[in-house]
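Below: the structure, in structure tokens.
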Amino acid sequence: MSVVSTTDLPRRDGVTMRLSDTLWRRPTLLLVLLLLPPVLWLGIIYLGSLFALLLQSFFSIDHFSGLINYEFTLRTYAELFTPANFDIIVRTVTMAACTTLASAVIAFPIAYYAARYAKGRWRAVFYLGIMMPLWSSYLVKIYAWKLILAKEGILTWALEGLHLNWLLDAYLSLPVVGGNSLSVSTTGTFIVFVYVWMPFMILPTQAALERVPASMLEASGDLGARPGQTFRHVLFPLALPGIVAGSIFTFSLTLGDYIIPQIIGTSRLFIGQAVYQHQGIAGNIPLAAAFAVVPIVIMGLYLYIARRMGAFDAL
Amino acid sequence: MSAVNFDHVSRHFGEVKAVDGVSLDIPEGEFFAMLGPSGSGKTTCLRLIAGFERPTSGKIAIFGEQVADLPPYKRHVNTVFQDYALFPHLNVIDNVAYGLMIAGQGRKARHAAAEQALEMVRLSGYGTRRPSELSGGQRQRVALARALVNKPRVLLLDEPLGALDLKLREQMQEELKGLQRQLGITFVFVTHDQGEALSMADRVAVFNEGRIIQVGAPEDIYFRPEVPFVADFVGSSNVLPPATVARLTGHEVTAAIRPERVRLAETGPLTATVTGLSFLGLSTRVSLMADGTRMTALLPQDAPRPAVGDKVALTWAEGDLHLMRGKA
Amino acid sequence: MSAVNFDHVSRHFGEVKAVDGVSLDIPEGEFFAMLGPSGSGKTTCLRLIAGFERPTSGKIAIFGEQVADLPPYKRHVNTVFQDYALFPHLNVIDNVAYGLMIAGQGRKARHAAAEQALEMVRLSGYGTRRPSELSGGQRQRVALARALVNKPRVLLLDEPLGALDLKLREQMQEELKGLQRQLGITFVFVTHDQGEALSMADRVAVFNEGRIIQVGAPEDIYFRPEVPFVADFVGSSNVLPPATVARLTGHEVTAAIRPERVRLAETGPLTATVTGLSFLGLSTRVSLMADGTRMTALLPQDAPRPAVGDKVALTWAEGDLHLMRGKA
Amino acid sequence: SLAQMTEIGEGEGALSIVAWAGYVERGETDPNFDWVTGFEEATGCMVSVKTANTSDEMVALMNEGGFDLVTASGDASLRMIAGNRVQPINVDLVPSWSTVDDRLKDAPWHTVDGTHYGVPYMWGPNVLMYNTEVFAEAPTSWNVVFEETTLGDGESNAGRVQAYDGPIHIADAAMYLMYHQPDLGITDPYELTQDQYNAALDLLRVQRGLVSRYWHDAFIQIDDFKNEGMAASGSWPFQVNLLQADGVPVASVIPQEGATGWADTTMLHADSEHPNCAYMWFEHQLASNLQSDLSVWFGAVPSVPAACSDGRGMQTQEGCDANGLDQFDKIRFWKTPVANCESQDECVPYYRWVSDYIGVIGGR
Amino acid sequence: MHSDRAPLGLKIAAAAGLLFLHLPILLIFAYAFTTEEKSFQWPPPGLTLKWFAVTWNRPDVWEALALSVKVASISTVIALILGSLCAAAVSRTRFFGRETISLLVILPIALPGVVTGIALRSAFSIADIPFSTWTIVLGHATFCVVIVYNNAVARFRRTSGSLVEASMDLGANLFQTLRHVILPNIATALVVGGMLAFALSFDEVIVTTFTAGQQQTLPIWMLEELVRPRERPVTNVVAMVVVLVTMLPILGAYYLTRGTDTVAGQGK
Ligand SMILES: Nc1ncnc2c1ncn2[C@@H]1O[C@H](COP(=O)(O)OP(=O)(O)OP(=O)(O)O)[C@@H](O)[C@H]1O
Ligand SMILES: Nc1ncnc2c1ncn2[C@@H]1O[C@H](COP(=O)(O)OP(=O)(O)OP(=O)(O)O)[C@@H](O)[C@H]1O
Ligand SMILES: [Mg+2]
Ligand SMILES: [Mg+2]
């Protein structure tokens, strides 16, 4: 009988050790394993769905029975460019652009203050002050505005108290932006859009501003620039990637929303409503799909430009 | 006329006395260095001159004019920032021309002036690059050109060579010095590197804890430190305690002696044990323990080297042992 | 037996030849330094030894064993990372005991061993702190203890002193050197600071562009550079072109002479114009232009100083002019 | 086409219905109005309701599937029959079929080639609702919602009137023109030649200037009358009742031009999973308190005339008369406009109505 | 120019902006206590707590709440797995197509929800998938991935890559490194990402309407109730509860990331 010391035997590796060795020897395999689940999910479920959508847009609908005619046609896209539908696209894009601009203007001071001046406890206050509206219920926010803007709503009540009703009436009598009351006017829709999506502008702007070293502003002052000039020539250009990053959200979210304009607005359709109504109410899925392709194309362009402006690093 | 004058200037941040009762006079055309450890208030002093900070008390005059209420953009002073602070969204020429653009100069005129400034720092042809495409030394020179193009009467430089590697640094030191001589502008230069301060400045102010400890020509600072702090900070002198000095000289004061002035010999006033040896190329550093005091000697390349553990005697030339004011 | 052996090892990243045909032999117990400019492949070499990179071609052996297929966790080699890489979620003692925990040691045993290692780096009592509560120098020592506690046969150090300030750095240099002598472990040390390499290592390998240019004892590297690159990189020698050297010695090769060996005299084999002067404290740097070549001389503190613009003759001792292999 | 059921088996335990708002009440909005709980108790068929706001939405929901019944108006029913979304009904399996109003039994919106596709539910007019504080006297014409006029309180109607957000509203305009511009030759508001159609659209464009928001949801209209100061609008008796119950000063009228209206039919999905429950519902809808209470609740006319007077629910003969029992012939019931129409050579088909009405609301 | 004190104009603009963001939400809170039940009368004629009890006894609220919690939980778990895998891959190595992966992850929130919604719905109808909890989850998980991904990537970026190497250097294999170094270091980021994903899913309505069929999540219930109210104050109570409930994870996320350089909740 021979005695073999166990320590003299080569160490037997366990399964995990062997697997670990294999993965070390083949880093590509590890990478593939890591990427496979997310890529499959997003690739199949998300891109697959987008593809299905694209496919639908090349079908058409039987106008009497409302049933889909599964034959390839460009008719649905032609329909997209009828004046009534084209109006919807123009109206939505204009609204998205205005919302984005206004959001940028309102968000900038908040972001700038938070990035540069808020210290200690105030920093926390600002942070929560920005996060709370961002994450609080979307529907709640919209309905709060409906109550405020209605003709017999809180704004009227408040203005009555201040004897400033004439001001509101004067504004409402303006063409295009006015209306019977703010809640049925384009202005109302605009206010709510800005309110709901503006928080998405603050954080990226703030992040971009935080990355502007204070010495950059001092250098500008040192070289003779007044505060206004410093803003125009240094601060704004440097914050721009952040603003563009934020605008991806404000623009895209406005582009696709169908609940806000339905609750507060003039009954004129926006793209989101068109998609929703053609799909859900009229059952015209091909036309809804074609409408949905519009924001995809617009956002594609937008993302392309944003990326070239370096906005992705600011996301 | 003095270019910059501080009259008991303080700048406190809450409890922190960043600058604490500094009086200072920098004549026109001088190359003035501020030297001191981290946090000693050098940068704050510079920012007070530039106008980014306002003094808590005291008066600051630039060319005789009180500047208390003058914002930075109204002072004829320009700064080369430690991190250069080049505008990343502008190319080199637009960076340099920035001050002129603000002053309202036309595109052509300011580009011509900027091109000239770039030539001065030997960067002609780099105008269309972005700052991110430049090396550290090149960026530093762009920052210099950007400040110089405005023809400031005082140029402030905050550790402008801190980020450069040894070679580039030595080269830039010479260039800066040359430029200052050529332009005759007053330079106020902040550094925590004593070599840099000594090799470049006409006069050096040594800062500690918001105060100026000593001002003088580099040789004075180096060879005739007035207090132990200066002796220690500038060139790591050996500082001998009063007891030892009393035994050697009869005066019970602190004294300093530079490592390169310490020689090893058979006999001498002090004996020490060798605790370490390092070959530094240029010389060999010998760590010593003498009389309970850690000391260092620098031996020239060709001197015979002791071994670790050897007992040696230390000697020096008359006058190398520098007696100081303070006791500690 | 050699601790580490490289046999024509290359590591290419696409076009970049980070390490390019390096052969190398580090005997057991040696303090080996890798010196070279940024991007010369030093870190990559170290990572090849540790196993974080795999060679594109060539063979690596550690204590005679081929390690091509050995992952890092199976090599008896430990690393002190440049950024220390301390685990932020563990306190100091758990950081140090990490390797032992992985090896399956019980809590008590490993904490005892870790405590001992901390003592060795003079950090006993710091066990319960978080890495974020330590200074740079302390972190570096924790990283050292964490590596040493595993009793590696080779310790790799990647610019461990890069982030420390001058004073701390000099102190740590001595401590590291002492530790290595005490433990007898093979140290492979990466740095781009020639002073550090020269003062600490038994042998130095000078890297450039992925290749080893010269390997040798510090004195050899410093005084007997084989090629101009080494002469220039290590201690900024004056490099004289073959034409000048031919006139001086009759051999048409490149030659090097160290600035501190250049003396100014009334007459001498070379004449030069003084173009600049810098007071360095320890010495005065004289910039010269001789025969169309920029040169530097370092004058001792007490030598008489020329003025800028003076014409001077340069002389040196026999043997200080070091003739090199290459022509360029 | 599809075979109809021949006998009713066990209930399947569930029934899902697509219905107009207020059509299927279980006492949640008002505890007094409940005609579902009893049905559930009796049959074990648990009812779930999906509310639809327009006929188009109903068609879409039925096309999507998953529902058993739909309370389709005349402008939706034929479309669903054409699309094979609904199955023929075997009226013999509905004992109370004989009690249905004779005028409805074979109505063309649910009977094709003699085959029944649904069981009549209820019918009624689209009334003109108005604020009694603005109008001292009931308006006599639809002109208050079609053309700019000064109302009883001395202010313009602009911004204070509403219109229905569904393409079928074009028919209301056509009906108005039928009265005021007889030379257009409109005989049926759902059968319009291109010229007649254009005239109706022109009228609607004028109306767009007056309407700040179109209503497509009964409850939103109720909100607007409460909070937005609305003065008049085409509406359903349902909203009038609810508003009056809340104390809002409104009333309704059928003006001189007449009114469009709806006659709704419960139809059974072709792929229904609960056909037995559905047939039980058919019987329930005709025989129970539903007809009576619903007609009160909604302000409409039951499909079973007896429900007006036999006391099975709250309805009374006077109520039925007030809701228009005798005006059946005056009401132009919703139906889907088709290209090859009966009264004229060629009419504008419904899909054009859809896109053009979106255009009109959009300001085209 | 004074570096530590803000100009007055900026202060006013920032304060006004924050007020604009907050006042409307508080309004709904006030309405949850009103005694008036049919319309929104301002100011409320009286205050009462009875609506909380009424809400408590409404089974439809509980059903919707249960569905929402279920959907948000499952979506969060899926998003956590997919998001952290993706973040690990992207921050570990530079590989061909890295940018494409980031874009792919960002796309579901960069494109309007209505697009995602109708796209999924088209896919369901083409693939003949009946509506169920899972169809909702499919949509929610897809746009929640990016939240986890963003948080994890930021953390990976901050944790030096040499930690993993240090661990392997000290003898730990890949799985030991995962357990002892990687997970502890990204744990808070994952928790934060998970909380934010939960909050996002819990409040989502735009995509959900397309993928829910006849099921009601809490936001859909609210939408329905807001349009067709039975008891308006009940809706307001639920609204208030929803706001408070979504706020909890956000506050949690804040406390977990306090003092770090990444702000939680970016890029909702
Ligand atoms: N804005 C400020 N708020 C509070 N304390 C400050 C501020 N600026 C500087 N300090 C403090 O004032 C002291 C002096 O700072 P200063 O920047 O002038 O030092 P320094 O000599 O330039 O140091 P270094 O060499 O590190 O740049 C430090 O203790 C610093 O922390
Ligand atoms: N993973 C990598 N992918 C691509 N190139 C790399 C990689 N790692 C290193 N390199 C390149 O290989 C070359 C050598 O790099 P290495 O890090 O070894 O240099 P080094 O000598 O350590 O420089 P330093 O002193 O700056 O640390 C450099 O050009 C570097 O850019
Ligand atoms: Mg400083
Ligand atoms: Mg390196």
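Numbered from 1 within each chain, the chains take letters A, B, ... in sequence-line order.
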Going through the checks in order, is the side-chain contact (heavy atoms from CB on, under 4.5 Å) test met by E:Leu104 and A:Leu47? CA-CA 9 Å; E:Leu104 183 60; A:Leu47 292 185; 3.5 Å; yes

Please report the C-alpha distance between A:Val140 and E:Met222 in whole Å, then the side-chain angles of each, then the deciding distance to 0.1 Å, and finally whether the side-chain contact (heavy atoms from CB on, under 4.5 Å) criterion is met. CA-CA 9 Å; A:Val140 171; E:Met222 270 175 57; 3.6 Å; yes

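At least one side-chain heavy atom of A:Trp41 sits under 4.5 Å from a side-chain heavy atom of E:Leu138. Side-chain atoms of A:Tyr143 and E:Thr235, non-hydrogen and from C-beta on, never get closer than 4.5 Å to each other. When side chains are defined from C-beta on, E:Pro24 counts as touching A:Ile148, because their heavy atoms get closer than 4.5 Å. Side-chain contact between A:Pro38 and E:Val105 is absent, with no heavy-atom pair separated by less than 4.5 Å.
Using modelled atom types, one finds no donor on one side chain facing an acceptor on the other under 3.5 Å when comparing E:Thr209 with A:Tyr276.
Rounded to the nearest 0.5 Å, atoms CG (A:Leu50) and CG (E:Leu120) are 8.0 Å apart. Atom CG of E:Leu223 sits about 5.0 Å away from atom CD1 of A:Ile259, to the nearest 0.5 Å. To the nearest 0.5 Å, atoms CG (E:Leu82) and CG (A:Leu35) are separated by 11.5 Å. To the nearest 0.5 Å, the span separating CG on A:Leu23 from CG on E:Leu174 amounts to 6.0 Å. Between the OH atom in A:Tyr46 and the OG1 atom in E:Thr142 there is a gap of 8.5 Å [rounded to 0.5 Å]. If you take CZ on E:Phe202 and OG on A:Ser137, they are separated by 9.5 Å, rounding to the nearest 0.5 Å.
Residue contact with chain E, scored on non-hydrogen atoms closer than 4.5 Å, is absent for A:Leu54. E:Ser102 does not touch chain A: none of its heavy atoms, backbone or side chain, sits under 4.5 Å away. Of the two parts of A:Ile202, only the side chain, counted from C-beta on, holds a non-hydrogen atom closer than 4.5 Å to a non-hydrogen atom of chain E. Residue E:Leu107 touches chain A through both its backbone and its side chain, counting heavy-atom pairs closer than 4.5 Å. Heavy atoms of A:Asp257 lying under 4.5 Å from chain E belong to its backbone as well as its side chain. If you measure heavy-atom distances from A:Leu40 to chain E, you find no contacts under 4.5 Å at all. For A:Ala124, the parts lying near chain E are the backbone and the side chain together; criterion is any non-hydrogen pair under 4.5 Å.
Listed here is the closest heavy atom pair of A:Ser252 and E:Ile109: OG-O, 4.1 Å. A:Gln56 and E:Ser125 make their closest contact through NE2-OG, 3.6 Å (heavy atoms, listed as atom of the first residue, atom of the second, distance). Minimum heavy-atom separation, E:Ile126 to A:Ala52: CD1-CB, 3.9 Å. Between E:Leu18 and A:Gly129, the closest heavy-atom pair is CD2-O, 4.0 Å. Between E:Ile118 and A:Ala289, the shortest heavy-atom distance links the atoms CD1-N, 4.1 Å. Smallest separation of non-hydrogen atoms from E:Ile206 and A:Tyr258: O-OH, 3.2 Å.
Comparing A:Val196, A:Thr16, A:Ile285 by heavy-atom pairs within less than 4.5 Å of chain E, the highest count is held by A:Thr16.
Formation of a donor-acceptor pair under 3.5 Å by the E:Asp203 side chain with backbone atoms of A:Tyr138 is found in this model.
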